[in-house]
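Not measured: the values here are computed from a predicted model. First listed ligand is number 1; within each ligand, the first listed atom is number 1.
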Amino acid sequence: MRNHILALLIAVATIVPGVASTTNDGSELWLRSLSSINETKGNVTFDRKKLSPTLQEASKVLNSPSLCGYTIKVSLKGDKSLGRDGYEIRTSGKELTLSATTDLGVLYGAFALLRIADSGEQIPNQVVEVPAYTLRILNHWDNLDGTVERGYAGHSLWKWEQIADSISPRYMEYARANASIGINGTVLNNVNASPRILSADYLDKVKRIADTFRPFGVRVYLSVNFASPMALDSLPTADPLDPQVQKWWKKKADEIYRLIPDFGGFLVKANSEGQPGPMDFGRTHADGANMLARALKPHGGIVMWRSFVYSPIDADRAKQAYMEFQPLDGKFEPNVIIQIKNGPVDFQPREPYSPLFGAMPSTPEMVEFQITQEYLGHSNHLAYLAPMWKEFFEYVPSTSLKAAAGVTNIGDNANWTGHPLAQANWYAFGRLAWNPELTSEQIASEWLARTLIDPHNTPAEVRDSLSAMLISSRETVVDYMMPLGLHHIFAFGHHYGPEPWCDVPGARPDWLPKYYHRADSIGLGFDRSPSGSNAVEQYPEPLRSQLADMNSCPEELLLWFHHVPWTHKLKSGRTLWDELCIAYQRGCNRTIEYQKIWENAKPYISPEIFADVQQRLMTQTRDAQWWKDACILYFQEFSRLPLPSEVAPPIHTLDEMRKVSLGITNYESPTPALLNINR
Ligand code: BDP
C-alpha cells in the first residue's frame with residue numbers, strides 16, 4: 001500500500017498541465033453543480049401533483065444541468081424494504097426511475113443521482129440504498145457567545161443575536177449540504193452546555209432553525225446541562241429521582257415539542273470535566289439518562305448519553321469509561337443511546353477502539369467521531385480522516401451500532417471548514433454514516449471530482465496523486481506527531497504542538513504528556529499489559545491476548561499498550577529507537593511531497609483555493625519538522641542512542657523549543673517551508 005502511494009506521489013512530478021483552472025472559492029462545497037439549476041428545465045415527473053417542500057428540493061436537484069440529458073420519473077410507491085430513508089434507481093438508457101417510500105427517500109435518491117453524475121461516473125442500471133443507521137448526526141461544539149470549542153473555521157454558524165429577525169441563507173445551504181450526504185440530525189450547541197439554551201428565548205430561535213432544516217430532513221437536537229432546573233428555575237436540586245426535577249424536565253420537553261414537533265432529543269455530557277450530572281446527587285448515569293428519556297419518550301425523542309468520563313483517580317484513564325459504564329448495561333431506557341468516542345482516551349491521531357463497544361450488549365451504543373481536527377493539526381494540517389474511521393470499523397462491526405455522530409469542523413468561514421481540504425472530512429463522515437462499507441478511496445475520489453477539480457478536464461495522474469495525498473495524510477500526521485502508538489504528548493492546554501517534557505506543578509497527572517509516554521532509560525510507552533494497568537483485559541479474546549503480548553501487538557499501537565525497551569527489535573529488524581526516528585522523518589518527508597503534488601495540480605485548481613492550501617501545506621511542513629525535532633531530541637535524552645543514518649539532524653534545539661511550545665499563534669515561521677523541499 002505504502003509503495004503504491006509513493007509511486008503515485010512521484011508520478012505526478014512529471015505531469016505537464018495544459019487545461020484552464022476552474023473557479024471556486026469552496027463556499028459551494030460539493031454542490032457547485034446546483035448553482036445554475038434555475039436556468040435548466042429537465043424532464044422530471046412525479047407521481048403526485050402537489051409537491052411537499054422536500055419534494056420541491058428533490059425536484060431542483062433532479063433538474064440540475066448534470067442530469068439534464070435524462071428523463072426522470074419519481075415514484076413514491078417504492079418497495080417497503082426501502083424504509084424511511086432508502087431509495088431505488090432504475091436506469092434504462094436515458095430513462096431513470098427513482099422510487100422511495102417517503103419524500104425524504106426521494107430527496108436522498110436525487111442527491112445520489114447528482115453525486116454519480118458529478119463524479120463523472122456512469123449511472124448503474126440499478127441502485128438500491130438503505131442507510132446503515134437511522135441516525136446520522138453532527139455535533140456542534142458551538143457556544144452561545146459565538147465561539148466554537150475546538151473549532152478552527154471562524155465563529156459559530158449560528159448567529160443567535162440575529163435569528164429573531166433574520167435567518168441566514170447559509171442555514172439552508174448547510175441543511176442542503178448535510179442532506180446531500182445523508183446526514184439527518186444536528187446538535188446545535190456544545191456538550192459543555194449552557195443552561196440558557198433551554199430558556200424560552202433560545203427555544204424560539206431553535207424553532208426557527210428547525211423550520212429551516214425541516215425540508216431537508218435534518219432534525220434538530222440540543223446538548224443540555226444536567227443542572228438546568230437549578231440554573232434556569234432555581235430548583236434546589238437536579239437530582240433525577242426528585243419528583244420536582246422530573247416534572248421540570250417533562251414540562252420542558254412538552255414546551256420544546258409544542259414549538260418543534262419533530263425535535264430529535266438531548267445530548268448529555270454529565271459528570272465529566274466539571275459538568276454537572278446525576279452523580280452529584282448520589283445517582284448513576286442510568287438514573288440521569290432514564291429521567292430525561294422518560295420526559296422525551298411520549299414525543300418520540302431520544303437521549304444520547306456520553307461515556308466520555310475520567311477522573312484523577314489511580315485507574316488508567318483509558319480504562320475509566322468502561323469501568324463506569326459497563327456495569328450499567330441493561331439499565332437504560334430503550335430511548336437512551338450511549339455515545340462513545342471511537343477510542344478510549346480522546347480523539348488522538350491513532351487510538352485503539354474503545355473497549356466499551358460491544359461490552360454492553362443490552363444497551364444501544366453509538367460512535368462519536370471527531371471531524372474537527374483538535375488533535376490533528378487543527379485547520380492548518382491536511383488530515384483526511386476517512387482512513388481513521390474505516391480503521392475503527394475494522395474492529396467494531398458497523399452493525400453493532402445504532403448511530404454515528406461526528407463533532408463538526410464547520411464554522412462561519414466562507415469555505416465552511418477553514419482548511420479547504422477539510423471539507424472532505426465533513427463529506428466523508430456523512431458518506432460513512434450512511435454506508436460504512438464505502439472505501440476511503442471512493443469517498444476521496446468523489447469529493448475531489450465534485451469539489452476541487454473538474455473530473456473531465458483533469459489528467460488522471462493529477463487526480464490520482466491528489467487522492468493518494470488525501471489517503472496517506474492521516475498516517476503522515478501520525479508519523480510526525482505520535483507514531484507507534486504514542487499519544488497525548490501535546491503542549492499543555494492547546495493540543496497543537498508537542499511538549500513531551502511538559503511539567504506543570506500541581507496539574508492533574510493525566511493532563512500531562514509524561515503520564516502517557518512514560519519515557520525512561522529503559523524504554524518508551526504505557527504498559528497496559530497484565531504487568532501494567534491491564535487495560536487489555538477490557539478487550540475480548542482473542543484480541544486481548546494479541547494486545548497483551550509485545551510481540552503480537554499491532555506495531556501501530558505498540559506504545560499504547562507496552563513499555564518497550566529502546567533496543568527491542570521490531571518486525572523490520574530495526575530497534576524501537578531507530579523505527580521511531582524513521583517514522584518522524586517519513587512524516588516530514590511526506591509533507592514536503594504534498595507541497596510538490598499541490599504545485600503540480602495548480603493549473604486545475606481555483607487560484608484562491610490553491611494559494612490557501614499552499615500556505616497551509618507550508619505551515620504543516622514547518623510544524624512536522626518541529627514535532628520531529630522536539631520528540632526525537634527529547635526522547636534521545638532517555639535512549640542515549642544516535643540517530644539512524646536515514647534521519648536528518650534536527651534544525652531546532654531542545655532549549656529553543658522548550659521556550660516556545662509550538663502553538664498556532666506563538667510561533668512565527670522564520671523559514672518558508674518550501675525552501676526545505678530539496679533537503
Ligand atoms: C476533549 C476536548 C474538550 C471537550 C471534551 C469532550 O478537549 O474541549 O469538551 O473533549 O468531548 O477532546 O467533552
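- By the 30° and 60° cut-offs, the orientation of the rings of F490 relative to H495 is tilted.
- For the pair K319 and Y322, the NZ or CZ position fails the cation-pi test of under 6.0 Å to the six-membered ring centre and within 45 degrees of the ring normal.
- Within the 4.0 Å heavy-atom criterion, the part of N192 lying near ligand 1 is the side chain and not the backbone.
- Listed by number with element, the atoms of ligand 1 under 4.0 Å from a non-hydrogen atom of E374 are 1 (C), 2 (C), 7 (O), 12 (O).
- Between H495 and ligand 1 there is a heavy-atom distance shorter than 4.0 Å.
- Aromatic pair H517/F635: centroids less than 6.0 angstrom apart.
- Taking every heavy atom of K341 and a limit of under 4.0 angstrom, the matching atoms of ligand 1 come to 1 (C), 5 (C), 6 (C), 10 (O), 11 (O), 12 (O).
- Under the 4.0 Å criterion applied to side-chain N and carboxylate O atoms, E475 and R350 are assigned as salt-bridge partners.
- Those atoms of ligand 1 that come under 4.0 Å of a heavy atom in F308, given as number and element, are 5 (C), 6 (C), 10 (O), 11 (O), 13 (O).
- Taking the six-membered ring for Trp and thresholds of 30 and 60 degrees, H488 and Y375 have ring planes more than 60 degrees apart, a perpendicular arrangement.
- Shown are F369, F347, Y384, Y395; of these, the ring-ring contact (aromatic ring centres under 6.0 Å, His included) with W389 is made only by F369.
- Of all atoms in ligand 1, numbered sequentially from 1 with element shown, those under 4.0 Å from a heavy atom of E149 are 3 (C), 4 (C), 8 (O), 9 (O).
- Near D346, meaning under 4.0 Å from one of its heavy atoms, ligand 1 places the atoms 1 (C), 10 (O), 12 (O).
- Counting non-hydrogen atoms of neighbouring residues, nucleotides and ligands closer than 6.0 angstrom, the NZ atom of K402 reaches no more than 12 such neighbours.
- For K297, the NZ atom counts as loosely surrounded, since its 6.0 Å shell holds 12 or fewer non-hydrogen atoms of other residues, nucleotides or ligands.
- With a heavy-atom cut-off of 4.0 Å, Q370 does not touch ligand 1 at all.
- At a 3.5 angstrom cut-off on N or O pairs, W141 does not count as close to ligand 1.
- Nearest non-hydrogen protein atom to atom 5 (C) of ligand 1 is E273 OE1, 3.4 Å.
- The shortest N or O to N or O distance between K269 and ligand 1 is under 3.5 Å.
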